[in-house]
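Read the numbers this way: they start at 1 and go in the same order the structure lists the ligands and their atoms. Residues take their numbers from the sequence shown, with the count starting at 1.
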Amino acid sequence: MLIDTHCHVHFNAFKDDMDDVVRRCLSEGVQMVTIGTQKDTSKNGVALAEKYDGVWATVGLHPSHIFAGYHDEGEVQFKSRNETFDPAYYGELLKHPKVVAVGEMGLDYHYTYEGVSMEEMKTKEAAAFEAGARLAIAHDLPVVIHCRDAHHDQAALIEKIWGPVRADEPPRGVIHCFTGTRAEAERYLGLGFYLAFGGTITYPPRKSDVKAGKELLTDVVKWAPLDRIVIETDAPYLTPVPHRGERNTPLFVRHVADKIAELRGIPFGDVAEATTANARRLFRKMAA
Ligand SMILES: [Zn+2]
Ligand SMILES: [Zn+2]
């Protein structure tokens with residue numbers, strides 16, 4: 001059994017066959033957490049989770065939806081919403097027993113938005129993240145963090161909001177689709193966070209990085225503590241090898257687990273068992 005800890009199986013990309021996809025995953029032993037990114041996708045994710053055992057949801061505001069005019073590079077087709085985080089709205093949704101975390105939310109400095117200065121963008125993203133984090137803390141829930149090109153600021157913001165780590169407190173969230181360095185991973189782990197690996201770990205590294213002897217993502221995957229990693233697809237995006245070019249689905253999370261097993265030289269079953277146990281420990285409400 002595997003748990004895809006981050007997918008968007010309730011998004012438009014699945015509007016014609018969502019129930020078929022979910023049933024097929026569940027029948028093949030793949031459970032999933034379907035992730036909200038703004039008000040509508042958060043609400044729809046909860047509705048899907050309610051329908052199926054083995055499907056859970058999160059609710060939250062993705063940094064790109066804080067702004068209007070999301071710059072679409074052609075890989076992701078969604079319209080940004082110019083939304084302000086509404087604690088009352090999300091606070092109501094997360095009372096549902098199938099809502100296991102707040103997010104995805106976080107800092108994304110990769111994209112820019114017309115008419116929005118870098119400074120304004122950073123300030124607004126940090127404010128939305130903090131509002132989401134406060135809500136999660138108030139409801140004793142973990143957070144799902146989306147961070148791109150902003151690990152330093154993201155970790156500092158986590159430290160500011162949560163304060164010093166307490167040994168008696170369980171980890172407070174996960175860095176989804178982690179693609180950072182080992183030093184960045186160490187900082188998050190030290191703060192009590194889990195790392196989620198996705199399809200990106202199956203992509204071939206840049207030849208220039210290999211040539212230069214640079215640290216690769218696969219090195220981080222080999223090194224990361226097995227009791228602190230989870231797996232994900234981010235479906236419909238980031239399709240893993242060998243399905244590049246197809247729509248991603250939670251079924252393909254097996255290729256992520258396969259890659260981890262291959263890199264670490266351990267059986268697939270060990271990766272499945274560890275990542276499933278980790279997901280349940282991270283998302284405590286799953287056990288309820
Ligand atoms: Zn994301
Ligand atoms: Zn996502």
Side-chain angles (χ1 to χ4, degrees), residues 3-14 18 21-22 25 30 32-46 48-49 55-67 70-73 75-81 83 85 90 99-111 113 121 125-126 128-129 132-133 136 142-151 153-154 157-158 173-180 184 188 193-201 203 217 230-240 247-253 256 279 282-283:
I3 300 180
D4 178 356
T5 60
H6 189 116
C7 65
H8 305 280
V9 83
H10 61 294
F11 274 20
N12 276 338
F14 297 97
M18 183 172 71
V21 170
V22 171
C25 290
V30 176
M32 71 205 77
V33 183
T34 200
I35 304 282
T37 53
Q38 35 90 338
K39 283 185 172 173
D40 295 339
T41 57
S42 294
K43 192 168 146 223
N44 296 343
V46 179
L48 181 69
V55 180
W56 294 271
T58 70
V59 299
L61 179 59
H62 187 286
S64 292
H65 282 293
I66 298 168
F67 309 98
Y70 172 67
H71 178 74
D72 186 342
E73 287 186 331
E75 57 172 315
V76 182
Q77 274 120 28
F78 68 81
K79 269 214 174 99
S80 55
R81 294 303 183 90
E83 187 184 310
F85 187 82
Y90 291 105
V99 175
V100 294
V102 180
E104 63 179 302
M105 59 190 186
L107 307 181
D108 189 327
Y109 297 169
H110 182 76
Y111 295 107
Y113 309 89
M121 185 186 87
E125 289 189 1
F129 178 80
V143 293
V144 174
I145 294 182
H146 166 106
C147 177
R148 199 157 174 205
D149 299 347
H151 288 302
D153 288 2
Q154 184 70 70
L157 192 53
I158 290 168
V174 58
I175 313 298
H176 114 80
C177 190
F178 184 76
T179 54
E184 288 158 350
Y188 288 126
F193 280 74
Y194 286 83
L195 305 175
F197 293 122
T200 43
I201 70 165
Y203 302 168
L217 178 59
V230 292
I231 51 176
E232 64 165 67
T233 57
D234 208 13
Y237 316 115
L238 299 176
T239 308
R247 179 186 66 175
N248 199 2
T249 100
L251 266 190
F252 295 162
V253 80
V256 177
L282 164 64
F283 300 118

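Within His176, the N/O/S atom positioned nearest the Zn ion (ligand 1) carries the name NE2. Asp234 has its closest N, O or S atom to the Zn ion (ligand 2) at the position named OD1. Closest approach between the Zn ion (ligand 1) and any N/O/S atom of Glu104 involves OE1. Looking at His146, its N, O or S atom nearest to the Zn ion (ligand 1) turns out to be ND1.
At a cut-off of 2.8 Å, His6 does not coordinate the Zn ion (ligand 1) through any N, O or S atom.
Between Phe197 and Phe178, the ring planes lie perpendicular to each other; the angle is over 60°, past the 30° to 60° tilted range.
Across all non-hydrogen atoms, the minimal contact from Asn248 to Tyr237 is ND2-O, 2.7 Å. In terms of heavy atoms, Tyr90 sits closest to Ser42 at CE2-OG, 3.4 Å.
More than 12 heavy atoms of other residues, nucleotides or ligands sit less than 6.0 Å from atom NZ of Lys39.
Atom CG of Asp234 sits about 9.5 Å away from atom OG1 of Thr5, to the nearest 0.5 Å.
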